[in-house]
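Order of the sequence lines sets the chain letters (A, B, ...), proteins ahead of strands, with each chain counted from 1. Computation of the quantities below employed the complete heavy-atom set of this structure, encompassing side-chain atoms and omitting hydrogens, waters and symmetry-equivalent molecules. All values derive from a computational prediction rather than experimental measurement.
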Amino acid sequence: MFSKILVANRGEIAVRIMRTAREMNVATVAVYSEVDRTSQHVLTADEAVFLGESDPAESYLNFDKIIVAAKETGAEAIHPGYGFLAENPTFAQRVSEEGLVFVGPPAESMRLLGNKTTARRLMSERNVPVIPGMTAAESDICRLQAAADEIGYPVLVKAAAGGGGKGMRIVRTAGELPDAASLAASEALSAFGDGSIYLEKYLDRPRHVEFQILADMYGHVVHLFERECSIQRRHQKIIEETPSPALSEELRARMGAAAVAAARAAGYVNAGTVEFLLDRSGAFYFLEVNTRLQVEHPITEMTTGLDLVRRQLEIAAGLPLPFAQEDILRRGHAIECRIYAEDPERDFMPSPGKIIYARSPEGPGVRYDHAVYSGWEVPVNYDPILGKLVVWAEDRPSACARMIRALKECVILGVKTPIEFLLDVLSNEKFQAGETHTHFIEEFFSSWRPSTAGDDLAALGFVVNEMLGPRTVERGASVGPAQPISPWHRLGAWDMIR
Amino acid sequence: MFSKILVANRGEIAVRIMRTAREMNVATVAVYSEVDRTSQHVLTADEAVFLGESDPAESYLNFDKIIVAAKETGAEAIHPGYGFLAENPTFAQRVSEEGLVFVGPPAESMRLLGNKTTARRLMSERNVPVIPGMTAAESDICRLQAAADEIGYPVLVKAAAGGGGKGMRIVRTAGELPDAASLAASEALSAFGDGSIYLEKYLDRPRHVEFQILADMYGHVVHLFERECSIQRRHQKIIEETPSPALSEELRARMGAAAVAAARAAGYVNAGTVEFLLDRSGAFYFLEVNTRLQVEHPITEMTTGLDLVRRQLEIAAGLPLPFAQEDILRRGHAIECRIYAEDPERDFMPSPGKIIYARSPEGPGVRYDHAVYSGWEVPVNYDPILGKLVVWAEDRPSACARMIRALKECVILGVKTPIEFLLDVLSNEKFQAGETHTHFIEEFFSSWRPSTAGDDLAALGFVVNEMLGPRTVERGASVGPAQPISPWHRLGAWDMIR
Amino acid sequence: MNFRLKIGSETRSLEASPLDETRRTTVMYGEITHSVAVDAIDDNHLNVRLDGRSLNLFVGAAADGAWVWAEGRARFVEDADKLQRRKSSGLLDQPVAVTPPTPATVMRVMVEVCQMVEKGQPCVVVSAMKMELTLAAPYAGTVTAVNTQAGAKVMPGEILVDIEPLTEAKADE
Amino acid sequence: MNFRLKIGSETRSLEASPLDETRRTTVMYGEITHSVAVDAIDDNHLNVRLDGRSLNLFVGAAADGAWVWAEGRARFVEDADKLQRRKSSGLLDQPVAVTPPTPATVMRVMVEVCQMVEKGQPCVVVSAMKMELTLAAPYAGTVTAVNTQAGAKVMPGEILVDIEPLTEAKADE
């Protein structure tokens, strides 16, 4: 095993990786940009190296600086986390060439899978079902128009190099295509450094179901069951759960086998995720492979009991996977909610700012992977994720109830978050019935507004806080306990919020 | 299911019970004494009722006040937690007579099992092995002397009504017996209201292995495997784990069957724990039944995936257990460390005071059930438990590593805690080899002292804090980042503490 | 004591009696009266008994108001009177100017001085937190100034493009 | 700057250069010099780079000193000079008197005025946090006063029983 690794990332995922590394007695090196000088991942590492300006190109995307940092600190491997350089095959190759270990798949697998059109072709050849669509990137608008006519509207414009919804556009009529293509190409260029786009058939209210895979260097590939990630806003996942309410054991086995076949087709090594769309008839289509650790990996960890970061490091160090497919068992139900600095009332627009106060939910079955603390300023330069709240319970209803309890314990003051929105989604009847699909938010929550009952309580809090005035809190002061008031008093306007 | 329950307890266990109740949509009523007005359990409940003075007799032990509180708030059931009234059959009976539900076993079972000598007789009759010793309480010193001679020294003086090490004394020679008997009787009287004592054979370095049982109202009894609680100071558990490193599957099955037989013998209903001593030859002896939820119940929850408080409430509400013995599976390894306000340098003497600052450990596989917050004053009136730090991991070595990581993230300033001591125990070779027994601390850690390396870092912290001076922290201030220093600088005196 | 509070787009009035020595008050919310008892747990945490029901409220002071959290719902609460003063500075109005909603970097400027724009016409594309946002003209008119350029770091309230509105007569055409 | 610090029973001296504008200092610990950089994360949390290694230290000020936490190890650190002043008040000595180690309730008083006691002889039994503690005579002597009674609430430093020590000649007998 490595004695020291560098984590080429920031925020909650860097913290999460460092915790497992510490438990494996592997020392950790953080890297940071100007604005992240006192960010949580810097505080968590054993040592930290300053990279440069806050602009990602000068810091978290800068190959040279990261490699110098690894060499100067004596790190033997680089874990890229997710985002930034995690799916950049050129970086992975450079790391290897420098005599360091990249904790992820070989550059060649990443290249194959990173280009969505190549990946689609490869999967078609191996009989993994793919969504009807173009098999090569295209920039000529006339050819895109022709392809769209052939596939049939609605079509989806997608970035060939991308992921996470970046550069993705739904196009319902031919007239919308030129603008959508141009915007998508521009977003893709700025996000991935590659503006290639392609089109595919747009499915009506499918589920997003993905399979976690692990592959060692010796050709042993297993899957760790599925995650359903249908609850999305702006094409980005916001609630994930496992198991999927939609999968029978038979379908799970078939999809799992397809995921393993997809990984094998690409010569995959390390942890990865094979994403599928599952349509309403039960047919599933290969979407893409994410060649990295996913944001939502904790729900798989909680149901399978396996630490994915530990496995990643073991695989990267050349250890064989110590279990077979039949040894991997799942138990109970896990749900993750992503907590972003964003405003659910304004199309989930980023809401950076200073965290005035933060307090973590606790208690049985709750895991909160985050990088937030009171007084920390959420930088405007990076993805606005604050943390991931994850719960595990015996079954789906208990997990929903636990998530609601945990969200209600999760205090973040100073930026907008989707917590209230998430509470309403989790309390929704159709969600509780497991009737989820990728347009769920659009269909049922597009006109969502915060409750006025919440306004009433906020007004109350403001008023009593003003009346208490500036204070140094002294408990056990001489005034004696505030006597309890009969709970039988009429609750009036406030009792609706119980 | 109940719509509202009263939790007749305080601190971390009350908070833990309320969290599950909330997830079950059961409203919660806290009760509190003068000193607990702003304690965490009061803050966690939906409503709270003031009982009276801080003296337990005026508050948490006061039958009448608690029952009035339950009736006035409309609570249908009373959960006693552990300690206080949890094992008081008179209270349980009174609760039933008042038309409320006691979340625990029937008063009759508690009476049978609560008196250790009666319990020992009962178990002997049912072929559950018991430790050689007296089968009736005795106060006459001459008869105690005679019994001790018959059993053979060393003998253990125990409180007939007690538990948790209260009133317990080891006596190695006849000369020590009178004083030990008198002190034990006095402690038992003040702790349990019953000064009866008896003697039993003292085993050499046995392990403490207990089985969690669940029994519904319909005679269905199952066990949830064992917990090993051998690491004790002052006869009180401080580290617990499951599974026990000492049990083969065959021995586990035999002890589990004995535990179920013990529960059946007493007509047991609800959650309980059958405690055994396991000697070095593999023979096990019935010790006692704890007729309540144990402090260490979370390790069973984490390995079996079952929420014991949920089961307690379901059983109390008359629901049948929804699973059979063979449905209960365990996975991985869990460890609990008890965090008390106590001084490990001074025989774990209580160390009450104000918590200047507290910060919870977080991350994968960590659960911290506690009732501490910055600014809270630990009352001198009650058991000094602050919280229980629990971890789960795939196997015992990973769980040990995770506990060490979590303990190092657990910040409590203002009172002494055993955290540093626990870190040293967890790092001990014999502990890591699983060679634990009830005299482990006595044998290997009786002369334990905090490390001087810790003193060095504390001195550094004090000095830099003084030099920074009083401050309002402003991040992103104009002075620019503190430039990183080469990690290759010699660490000098401090590198030993890595 | 009377309070006029702005929460989101709503303004509401509350009346509260001063806290007594046991930290109790009566809060009147229109016609309904509530009894309230409060304990300060720390600088940000209040425990409130509202008609006997225990609530944990978290309050964080910010410029011109405070964030208040209750059971997963966070609100920014402003004192309506202080607000009035800010409003006259134009910072708090609904988007009626081409200004970014969050600190951002300008990607493209899509209009020129003297150009006529329609309501909703894209004027500037900015990027914030990995997302591109198009800032549209809030009303029809003529561009009188472009105050930014690609690559500029811009802040909310900064007017990136000045637009002189059409007169109503013209707009109705 | 020179510091004399008492931690547990040890006193140690440290020398540190003043923090420069990038919050760096050099700390001399006897012969060894360490380079230290520090960031204040909040009022209680310091992040320190000690010879390049990152450490999180938590500091909580208390009367006459501060609690300092590092990697699971908490220490109460006292300024040795302030300490000297307290010491003369007799509060900080090793147990040389019959006084409870923690706030407690007296259960039984086991000695009387004029009684001769041996070193280690039980004098008072107190109860704290559900545990009984026996307070023994710290030296042999004669009880000159009993300052408490069963049921009394007592504090550390409060002398419950006054004992006049035997002269050395007598003790040697």
With respect to chain D, which residue among [options] yields the maximal number of heavy-atom pairs within a distance under 4.5 Å?
options                        : value
B:D343, B:V415, B:N381, B:L183 : B:V415
B:G83, B:P352, B:A191          : B:P352
B:L407, B:L423, B:D383         : B:D383
B:G414, B:G353, B:S186         : B:G414

Exercise for the section: Measure centre to centre between the rings of B:F462 and D:F3, then say whether the value is under 6.0 Å. Expected result: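 Ring centroids of B:F462 and D:F3 are no less than 6.0 Å from each other.
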Handout entry: Gap between atom CG of D:N56 and atom NE2 of D:H45 - 0.5 Å precision
Key = 3.5 Å
Measuring heavy-atom distances to chain B, does [X] have an atom under 4.5 Å in its side chain, in its backbone, in both, or in neither?
X     : value
D:F58 : both
D:V48 : side chain
D:S17 : backbone

Part of [X] within contact of chain D (heavy atom distance under 4.5 Å):
X      : value
B:E466 : side chain
B:I404 : neither
B:P379 : backbone
B:A459 : both
B:D424 : side chain

Handout entry: Any residue meeting salt bridge (charged side-chain N to carboxylate O under 4.0 Å, His left out) with B:R359, in chain and number order, not counting sequence neighbours
Key = none
Handout entry: Side chain to side chain, B:I335 and B:R402, heavy atoms closer than 4.5 Å
Key =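 No, every pair of side-chain atoms sits at 4.5 Å or beyond.
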Problem - Stacked cation flag B:R233 on B:F348, 6.0 angstrom / 45 deg - result: yes
Are [X] and [Y] close enough for a salt bridge, meaning some N to O gap below 4.0 Å?
X      : Y      : result
D:R49  : D:D39  : yes
B:R449 : D:E10  : no
B:D179 : B:R169 : no

Handout entry: Residues which pass side chain to side chain donor-acceptor pair (under 3.5 Å) with B:S54, listed by chain and number, not counting sequence neighbours
Key =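 Expected list: none.
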Problem - Which of D:L133, D:V59, D:T25 touches chain B most, by non-hydrogen pairs under 4.5 Å - result: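 The option with the most such pairs is D:V59.
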